[in-house]
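Below: the structure, in structure tokens.
Just so it is clear, the structure is predicted and the values come from calculations on it, not from any experiment.
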Amino acid sequence: TNHKKCQVFESSWRWENDFLIYRIAANRFLHGMVRTLVGTMIEVGRGRIKPEQFTLILLARDRNQAGNTAPARGLFLEEVIY
């Protein structure tokens with residue numbers, strides 16, 4: 001496809017033992033997309049961004065409005081399904 005639209009089917013957080021797990025499923029991912037989402041949601045959790053601002057950031061489709069990008073350490077790809 002020639003467009004950059006991604007359809008997200010699942011986006012959820014859960015505690016598992018001492019780990020906070022973020023799960024996302026989509027039809028495709030853009031470079032750095034998940035790290036940007038995670039970093040922005042962490043900013044929401046810390047109270048630096050209001051939840052309603054997060055919605056506006058997504059609707060704006062402008063990565064420059066997002067929060068800090070989460071570091072790669074600690075993030076890993078669990079599964080790819082075709």
Side-chain angles (χ1 to χ4, degrees):
T1 59
N2 292 329
H3 62 80
K4 294 183 178 181
K5 292 183 181 178
C6 302
Q7 185 177 7
V8 176
F9 306 112
E10 178 185 353
S11 175
S12 61
W13 290 91
R14 75 175 190 279
W15 281 104
E16 188 173 301
N17 300 318
D18 290 334
F19 296 97
L20 184 56
I21 308 292
Y22 176 63
R23 181 178 173 90
I24 185 168
N27 65 333
R28 63 182 295 206
F29 295 96
L30 301 176
H31 178 76
M33 176 180 154
V34 175
R35 289 178 56 203
T36 301
L37 285 168
V38 169
T40 305
M41 286 186 273
I42 288 171
E43 297 281 325
V44 172
R46 290 180 172 162
R48 296 181 185 149
I49 296 176
K50 294 180 182 179
E52 20 333 314
Q53 287 175 287
F54 181 76
T55 301
L56 294 174
I57 290 168
L58 290 176
L59 293 173
R61 298 179 181 172
D62 180 2
R63 191 173 276 185
N64 293 320
Q65 293 185 29
N68 294 327
T69 301
R73 109 184 145 251
L75 301 176
F76 65 95
L77 178 64
E78 180 180 326
E79 181 179 19
V80 176
I81 301 171
Y82 289 99

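- The CH2 atom of W13 sits 5.5 Å away from the CE atom of M41 when rounded to the nearest 0.5 Å.
- Taking CG from L30 and OG1 from T36, the interatomic distance works out to 9.5 Å, rounded to the nearest 0.5 Å.
- Distance check: R23 CZ to R14 CZ gives 7.0 Å after rounding to the nearest 0.5 Å.
- Partners of L56 under the side-chain contact (heavy atoms from CB on, under 4.5 Å) rule, at least two apart in sequence or in another chain, do not exist in this structure.
- In plain terms, the two heavy atoms of A66 and T40 that are nearest each other are CB-OG1, 3.4 Å.
- Neither I21 nor V44 shares a network with the other; the hydrophobic side chains, linked directly or stepwise wherever heavy atoms of I, L, V, M, F, W or Y lie under 4.5 Å apart, form separate groups for each.
- Taking each heavy atom of F9 and N27 in turn, the nearest pair found is CE1-N, 3.4 Å.
- Under a 3.5 Å cut-off, the side chain of R35 and the backbone N or O of A70 do form a donor-acceptor pair.
- Shortest non-hydrogen contact noted between I49 and F54 is CG2-N, 4.1 Å.
- The environment of CZ in F19 is sparse: at most 12 heavy-atom neighbours from other residues, nucleotides or ligands sit within 6.0 Å.
- Of all the heavy atoms in Y22 and V34, the pair that sits closest is CE2-CG1, 4.3 Å.
- Annotation: side chain to side chain donor-acceptor pair (under 3.5 Å) contacts involving residues 56-81, sequence neighbours excluded, comprise E43-N68, D62-N64.
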